[in-house]
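We count ligands from 1, going down the list as the structure has it; atoms in each ligand are counted the same way. All values reported here derive from a predicted model rather than from experimental measurement.
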Amino acid sequence: MTMTHVDLSDSALIVVDFQNDFCPGGALAVPHGDHIYPVVQNLIDRFHNAGCLTVFTRDYHPPHHISFVSQGGPWPPHCVQGTPGFEFFPQLKIPPDASHFFKGFQEHVDAYSGFEGHLVADGHITQLSLAPWLRQHDIQTVYIAGLATDYCVRATTLDAIQANFETIVVINAIKGVNVHPRDSENALDEMKTQGAHFIEWAEDDG
Ligand SMILES: [Zn+2]
């Protein structure tokens, strides 16, 4: 599918959890998670240059978060507030007018989906979550990229569909953990069954 004539009006890009702890060397690394960088950056630049909204979700966990093994959860500590693991993948160039949503910031609440994230404005976490914020901006279509296919990308995609957004997953801008070998494939099957569209983004388009 060629992307040359894609109409991005009424569209927003959602980059899910492209954070140091989910990249190689991080506390909860997605194998080759960093390999999506060139495509993700191209998406960001393309959306920004077209005057479209760019949205970045991030895990923002307190030190004793419920999802951590120490608290009986499934994961090693990751994306802890104030640590380098929380920060974006270093090469990522974020538009100055990008919008940021934090999730999993309460000790006893976990969140995989970006739609559970709350808008960060002037350095404060607001009460406004992603779906109403997108509707306020008259967004009909969301493009989804980031980490990881079988967890937060999956959950964000399914919530986007549930919230009645046209939902397009950029399959060369996501990467899975695959705790079990078929996890990412199964996640993609589920997204497709629920109504997600898949595209492959060509970097030189636009
Ligand atoms: Zn987390």
- Message: Nearest 10°: the angle subtended at the Zn ion (ligand 1) by H78 NE2 and H61 NE2?
- Response: 100°
- Message: Is it true that, when you exclude E190 itself, more than 12 heavy atoms of the residues, nucleotides or ligands shown sit nearer than 6.0 Å to its CD?
- Response: yes
- Flag H65 as yes if one of its N/O/S atoms falls below 2.8 Å of the Zn ion (ligand 1), otherwise no. no
- Compute the ring centroids of F18 and F88, then answer whether they are less than 6.0 Å apart. no
- Item | Pair Q41-D45, side-chain donor/acceptor within less than 3.5 Å | yes
- Query: With respect to the Zn ion (ligand 1), what is the nearest N, O or S atom of D59?
  - Reply: OD2
- Query: So, C152 and the Zn ion (ligand 1): N/O/S under 2.8 Å, yes or no?
  - Reply: no
- Item | Sole candidate of F105, W133, Y60 that passes ring pair (Phe, Tyr, Trp, His ring centres under 6.0 Å) when paired with H118 | F105
